Amino acid sequence: MSQHVIVVVNPQPEQPRYFLGYRDQGNASECLWTPEPWMALWTEAEEAKIEALLLAELCPNYTVIAWPLSLV
């Protein structure tokens with residue numbers, strides 16, 4: 001399967017952010033993002049689609065997309 005990254009795009013013209021993972025803070029977790037695509041978490045296509053759906057619930061003001069590495 002091809003590798004994918006998860007990208008978040010703000011409706012305003014802004015550089016896209018790539019998903020790094022989560023930081024566990026005990027009773028809460030924080031989403032970590034980077035402007036650098038080569039630092040992003042690579043996942044399988046199906047896992048990336050599911051994770052993007054979950055992140056879209058956490059970030060309702062953003063567009064969250066699972067992109068194949070060929071588009072990065």
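Since the structure is predicted, the reported quantities are computational estimates derived from the model, not experimental observations.
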Qualifying salt bridge (Lys or Arg N to Asp or Glu O under 4.0 Å) pairs with a residue from residues 48-72, counting only residues at least two apart or across chains: Glu46-Lys49

Partners passing ring pair (Phe, Tyr, Trp, His ring centres under 6.0 Å) against Phe19 (at least two apart in sequence or in another chain): Tyr22, Trp33

Single-linkage hydrophobic cluster, 4.5 Å side-chain cutoff, Trp67 and Leu53 together: no

Over all atoms of both residues, closest heavy-atom pair of Ala52 and Val64: O-CG1, 3.6 Å

4.5 Å side-chain heavy-atom contact, Pro37 and Val5: no

Salt bridge (charged side-chain N to carboxylate O under 4.0 Å, His left out) against Glu30, all qualifying residues, sequence neighbours excluded: Arg23

Note, Ile6 side chain near Leu55 side chain (heavy atom, < 4.5 Å): yes

Those residues that, when tested against Ile50, pass side-chain contact (heavy atoms from CB on, under 4.5 Å) (two or more places apart): Leu54

Hydrophobic cluster membership, Tyr18 vs Val9, 4.5 Å side-chain cutoff: yes

Heavy-atom check, side chain of Gln3 versus side chain of Glu44, under 4.5 Å: yes

Nearest heavy-atom neighbours spanning Pro68 and His4: N-CD2, 3.4 Å

Remaining members of hydrophobic cluster (4.5 Å side-chain criterion), Leu20: Leu32, Trp38, Met39

